[in-house]
Chemist: 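So that we are looking at the same thing, I have put the structure below in structure tokens.
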Amino acid sequence: MTTQTSQPLQPNENEQSDVHDNQIVAERRAKLSTLRQTGIAFPNDFARLHLSGELHSEYSEKTAEELEALAIQVSVAGRMMLKRVMGKASFATIQDMNGRIQLFISNNDTGEAPHAAFKHYDLGDILGASGVLFKTKTGELSVRVTSLRLLTKSLRPLPEKFHGLTDQEQKYRQRYIDLITNEETRKTFITRSKVIQAIREFFLRHDYLEVETPMLHPIPGGASAKPFVTHHNALDMEMFLRIAPELYLKRLVVGGFEKVFEINRNFRNEGLSTRHNPEFTMIEFYEAYRDYKYLMDFTENLFREVARKVLGTTVISYQGKELDLGQPFHRLTINQAIQKYHPQFSDEQLNDREFLLSELQDLKAKHKPDDGLGGLQLSLFEELSEHLLFEPTFIVDYPVEVSPLARASDSRPGITERFELFIVGREIANGFSELNDPEDQEARFDAQVAAKDAGDEEAMFKDNDYIRALEHGLPPTAGEGIGIDRLVMLLTDAASIRDVILFPHMRPGA
RNA sequence: GGGACGUUAGCUCAGCCGGUAGAGCAGCGGACUUUUAAUCCGUUGGUCGCCAGUUCGAAUCUGGCACGUCCUACCA
């Protein structure tokens, strides 16, 4: 076979493309050109009948003699990851959706021409092979190929076969290469899929209804965050990508869907980090006639079930440290959580506004000097204790001023029936008994609007239709949101949120 | 946003005190019928992230810019 071309390959003149052909790509294009001239270059009539994983699980226990006697005919296909040519015989390893299998190609079995053609196939090419299962003398289950076809020519070289792709940026930007090359990456995203499936099963089994609510909101609501702004042409109006589905889901509870959940994306116009992607996946769920204490038990059960189904155990190792989701989750008030790691603070001090203010100033901790007692306690907690809550811990007694949608305690004014769940020092869930008093809700919205007018970019908008819905009557309800990406990070031991999002957002370029 | 570090062949990486570029893998040519990161022989391949500056001379030193990684800040 000749690899010469009569004319030099033209460089890609498309300015949109930053990809130009190097020598390797040019050689592969020449091979493709030959394929086009001699037949169908991208055939789609190969019948793949067997997957590598199934073959291994069914036949790896068989001896060489047993396989010989069975003479099992198979058709496999996949991407060629390894290639070893030895004159009149060759080995190749192909990879399909559930593993790898070795092919043995020899002049004896295929004839000379197909084997000669194979020698010019490149790593990364997608092959279809038919033949008989056998075991090599080292005991590896393989296919003795009688017919071999190149199904898709790969024009670009794969990363080095041993080290694979290690450059983090390229792993994120060209995830397809990462997935081809790195088993760990494939496993992470399979786990992510299983986590979401296990969560969905848990809610369906508890008679929840899965719903979809708008991603385009005329008024962003349900969380304190900066929204993405967009524009609807036909209506000529500003719209916002949703920051949370909360207000729509509670409208559904008003409508009589007493147990609802939604698993979908939220968008927040914030910075990128190892813990933040501008779009992230949350489950939010609402159940009528329940309160926040019920939710805490429910959440523990959910996390345990997901871990058992996905990992087969509740004991997980995160960045070198172990924790057991099977143990009862800790429950602490904000003040107890401060004192747990800083016992020098007395109850009196933690309830002394002036003391808290001076302490926060000394620590150079972020806080709002106009906050009430509860807000300052929360700021101190976030500064001193939050990152230390490695084992699952529910923090309760959030102040009203930072919880505009949560029901206030009947016995303790200023405190809401709310919790946040922290694991490995990260907030992973947020739940509360819902505020269903429309007049109280309206007053809370008005306070948010006042804060927004005073410059708080993350303060909420007033949603009059939501008030109207509450005026029809929201039954006593409990609701919660769980950050799916962070849960998956926990269960896959991922250090960065980018490792659990297939296509994390990156600055354009490179 | 702030700090530290990084960017050299398609990939993984060397490159010292400044003298104009190296290895392995991949590719190409050759040998080889049970290899498995196959092996052996030969060989092609580079805008050293970009732009300035210093210098007789810069991958190397200086400044700026771009992008990334990690830490940090906000959040879920």
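All chains are named by letter (A, B, ...) in the order of the sequence lines, taking the proteins before the strands, and each is independently numbered beginning at 1. Since the structure is predicted, the reported quantities are computational estimates derived from the model, not experimental observations.
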Chemist: At under 4.0 Å, does any side-chain N or O of A:Arg275 touch on OP1 or OP2 of B:C75?
Modeler: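 Answer no for this pair, as no side-chain N or O of A:Arg275 is under 4.0 Å from OP1 or OP2.
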
Chemist: Which base, if any, makes a Watson-Crick or G-U wobble pair with B:A59, both distances under 3.5 Å?
Modeler: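 Paired with B:A59, as far as the under-3.5 Å criterion goes, is no nucleotide at all.
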
Chemist: The side chain of A:Asp122 lies closest to which of these nucleotides: B:U34, B:C70, B:G27?
Modeler: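 Given the options B:U34, B:C70, B:G27, the side chain of A:Asp122 is closest to B:G27.
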
Chemist: Give the rounded distance in Å between these two atoms: NE2 of A:His115 and P of B:A31.
Modeler: 13 Å

Chemist: Are A:Lys83 and A:Tyr121 in a cation-pi setup, meaning NZ or CZ lies under 6.0 angstrom from the ring centre and within 45 degrees of the ring axis?
Modeler: no

Chemist: Within the structure, does a side-chain N or O atom of A:Arg28 lie under 4.0 Å from either OP1 or OP2 of B:G10?
Modeler: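 The answer is no; no side-chain N or O of A:Arg28 sits under 4.0 Å from OP1 or OP2.
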
Chemist: Which nucleotide, B:G68, B:A76, B:G27, lies nearest any side-chain atom of A:Arg486?
Modeler: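 The answer is B:A76.
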
Chemist: Could you measure between the two C1' atoms, the one in B:A58 and the one in B:G53, and give it in whole Å?
Modeler: 11 Å

Chemist: Which one is paired to B:C13, where only Watson-Crick or G-U wobble pairs with both distances under 3.5 angstrom count?
Modeler: B:G22

Chemist: Between the base of B:C67 and the side chain of A:Arg173, is there any donor-acceptor pair under 3.5 Å?
Modeler: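 Result: no qualifying N/O pair found.
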
Chemist: Does a distance-only test, which skips hydrogens and angles, find a donor-acceptor pair under 3.5 Å between the side chain of A:His163 and the base of B:C11?
Modeler: no

Chemist: Need one value for A:Ile482: base, sugar-phosphate or nothing, where a base atom within 4.0 Å counts as base even if backbone is also close, heavy atoms only.
Modeler: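 Since no nucleic acid heavy atom lies under 4.0 Å of A:Ile482, the category is nothing.
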
Chemist: Centre-to-centre under 6.0 Å for A:Phe298 and A:Tyr292, is that the case here?
Modeler: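 Ring centroids of A:Phe298 and A:Tyr292 are no less than 6.0 Å from each other.
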
Chemist: Which comes earlier along RNA chain B counting from the 5' end, the contact point of A:Asn108 or that of A:Gly164, where each point is its nearest nucleotide?
Modeler: A:Gly164

Chemist: Under the side chain to side chain contact (heavy atoms under 4.5 Å, CB included) test against A:Val195, which residue among A:Leu490, A:Val500, A:Leu491 passes?
Modeler: A:Leu491

Chemist: Does B:C75 have OP1 or OP2 sitting under 4.0 Å from an N or O in the side chain of A:Lys226?
Modeler: no

Chemist: From C-beta outward on A:Met86, which listed nucleotide comes closest to its side chain: B:U72, B:C25, B:A38?
Modeler: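 For A:Met86, the side-chain atoms sit closest to B:A38.
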
Chemist: Mark this stacking check for A:Phe91 against B:A38 as yes or no, applying ring centres under 5.5 Å and ring planes under 30°.
Modeler: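 Aromatic stack with B:A38 absent for A:Phe91.
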
Chemist: With a 4.0 Å limit, can you tell me whether A:Lys119 has a side-chain N or O closer than that to the phosphate oxygens OP1/OP2 of B:G29?
Modeler: no

Chemist: Please tell me which of the listed nucleotides, B:U35, B:C32, B:A26, lies nearest to the side chain of A:Pro157?
Modeler: B:A26

Chemist: Would you mind telling me which of B:U72, B:U69, B:G24 lies closest to the side-chain atoms of A:Ser273?
Modeler: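 So the side chain of A:Ser273 is nearest to B:U72.
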
Chemist: Need the pair for B:G49. Rule: Watson-Crick or G-U wobble, both distances under 3.5 Å, any strand; none if unpaired.
Modeler: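 Its partner is B:C65 (Watson-Crick or G-U wobble, both distances under 3.5 Å).
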
Chemist: Which parts of nucleotides 41-46 of chain B does protein reach within less than 4.0 Å, heavy atoms only, written one letter per nucleotide 5' to 3' as B for base, S for sugar-phosphate only and - for none?
Modeler: ---BS-

Chemist: With a 4.0 Å cutoff (strictly under), does any side-chain N or O of A:Arg426 reach OP1 or OP2 of B:A76?
Modeler: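 Looking at the OP1 and OP2 atoms of B:A76, neither is under 4.0 Å from any side-chain N or O of A:Arg426.
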
Chemist: Which nucleotide in the set B:C70, B:A38, B:A76 lies at the smallest distance from any side-chain heavy atom of A:Ser496?
Modeler: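 The answer is B:C70, which lies nearest to the side chain.
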
Chemist: Which nucleotide, if any, forms a Watson-Crick or G-U wobble pair with B:G1, using both distances under 3.5 Å?
Modeler: B:U72

Chemist: Does B:U12 have its OP1 or OP2 closer than 4.0 Å to a side-chain nitrogen or oxygen of A:Thr166?
Modeler: yes

Chemist: Mind checking who B:U43 pairs with, Watson-Crick or G-U wobble, both distances under 3.5 Å?
Modeler: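 The base-pairing partner of B:U43, which may sit in any strand shown, is B:G27.
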
Chemist: Counting heavy atoms not belonging to A:Lys62, are there more than 12 under 6.0 Å from its NZ?
Modeler: no

Chemist: Can you tell which of B:U33, B:A76, B:U35 lies closest to the side chain of A:Ile497?
Modeler: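 Looking only at side-chain atoms, A:Ile497 lies closest to B:A76.
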
Chemist: Between B:A23 and B:G45, how far apart are the two P atoms, rounded to whole Å?
Modeler: 12 Å

Chemist: Considering only atom C1', compute the distance from B:U60 to B:A21 and round it to an integer number of Å.
Modeler: 12 Å

Chemist: Quick one: is the NZ or CZ of A:Lys250 closer than 6.0 Å to the six-membered ring centre of A:Tyr466, and within 45° of its axis?
Modeler: no

Chemist: Think A:Arg84 has a side-chain N or O under 4.0 angstrom from the OP1 or OP2 of B:U35?
Modeler: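 Looking at the OP1 and OP2 atoms of B:U35, neither is under 4.0 Å from any side-chain N or O of A:Arg84.
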
Chemist: Are OP1 or OP2 of B:A26 and a side-chain N or O of A:Lys161 less than 4.0 angstrom apart?
Modeler: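 Yes, within the criterion.
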
Chemist: Picking from B:A26, B:U34, B:A76, which would you name as closest to the side chain of A:Glu427?
Modeler: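 That would be B:A76.
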
Chemist: When the ring centroid of A:Phe422 is compared with that of A:His387, is the distance short of 6.0 Å?
Modeler: no

Chemist: Given B:U69, is OP1 or OP2 found less than 4.0 Å from the side-chain N or O atoms of A:Arg498?
Modeler: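 Yes, such a contact exists.
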
Chemist: Return yes if some donor-acceptor pair links the side-chain N/O of A:Asn277 with the main-chain N/O of A:His505 below 3.5 Å, else return no.
Modeler: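 Flag set: sc A:Asn277 to bb A:His505 pair under 3.5 Å.
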
Chemist: Quantified in whole Å, what is the P atom distance between nucleotide B:A14 and nucleotide B:C56?
Modeler: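 Taking atom P in both B:A14 and B:C56, they lie 33 Å apart.
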
Chemist: Which whole-number value in Å describes the distance from A:Phe134 CZ to B:U34 C1'?
Modeler: 7 Å

Chemist: Among the nucleotides B:U33, B:U35, B:G68, which one has an atom lying closest to any side-chain atom of A:Glu140?
Modeler: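 Taking heavy atoms from C-beta onward, the closest nucleotide is B:U35.
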
Chemist: Do A:Arg175 and A:Phe503 form a cation-pi contact, if we require the NZ or CZ to be under 6.0 Å from the six-membered ring centre and within 45 degrees of the ring's axis?
Modeler: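 Judged by the rule, A:Arg175 and A:Phe503 form no cation-pi pair.
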
Chemist: Give a yes or no on whether the ring-centroid distance for A:Phe419 and A:Phe432 is below 6.0 angstrom.
Modeler: no

Chemist: Under a 3.5 Å limit for both distances, which nucleotide forms a Watson-Crick or G-U wobble pair with B:C32, could you say?
Modeler: none

Chemist: Taking B:U72 as the reference, what is the distance to B:A38 when you measure between their C1' atoms (whole Å, please)?
Modeler: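 My reading of the C1' atoms in B:A38 and B:U72 gives 48 Å.
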
Chemist: Could you work out which one of B:A76, B:U12, B:C75 sits closest to the side chain of A:Glu386?
Modeler: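 Nearest to the side chain of A:Glu386 among the choices is B:C75.
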
Chemist: Indicate, with a heavy-atom threshold strictly under 4.0 Å, whether A:Leu82 touches base, sugar-phosphate, or nothing.
Modeler: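 It contacts sugar-phosphate atoms only.
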
Chemist: How many Å lie between CG on A:Asp485 and C1' on B:C75, as a whole number?
Modeler: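 The distance from CG of A:Asp485 to C1' of B:C75 comes to 13 Å, rounded to the nearest Å.
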
Chemist: Taking for each residue the nucleotide of RNA chain B bearing the nearest heavy atom, is the 5' side occupied by A:Phe104 or by A:Asn277?
Modeler: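 Checking each residue's closest nucleotide, the 5'-ward one belongs to A:Phe104.
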
Chemist: Are A:Phe285 and A:Phe203 close enough that their ring centers fall under 6.0 Å?
Modeler: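 Judged by ring-centre distance (under 6.0 Å), A:Phe285 and A:Phe203 do meet the cut-off.
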
Chemist: Would you say A:Arg426 and A:Tyr318 are linked by a side-chain donor-acceptor pair, where the criterion is simply a distance under 3.5 Å?
Modeler: yes

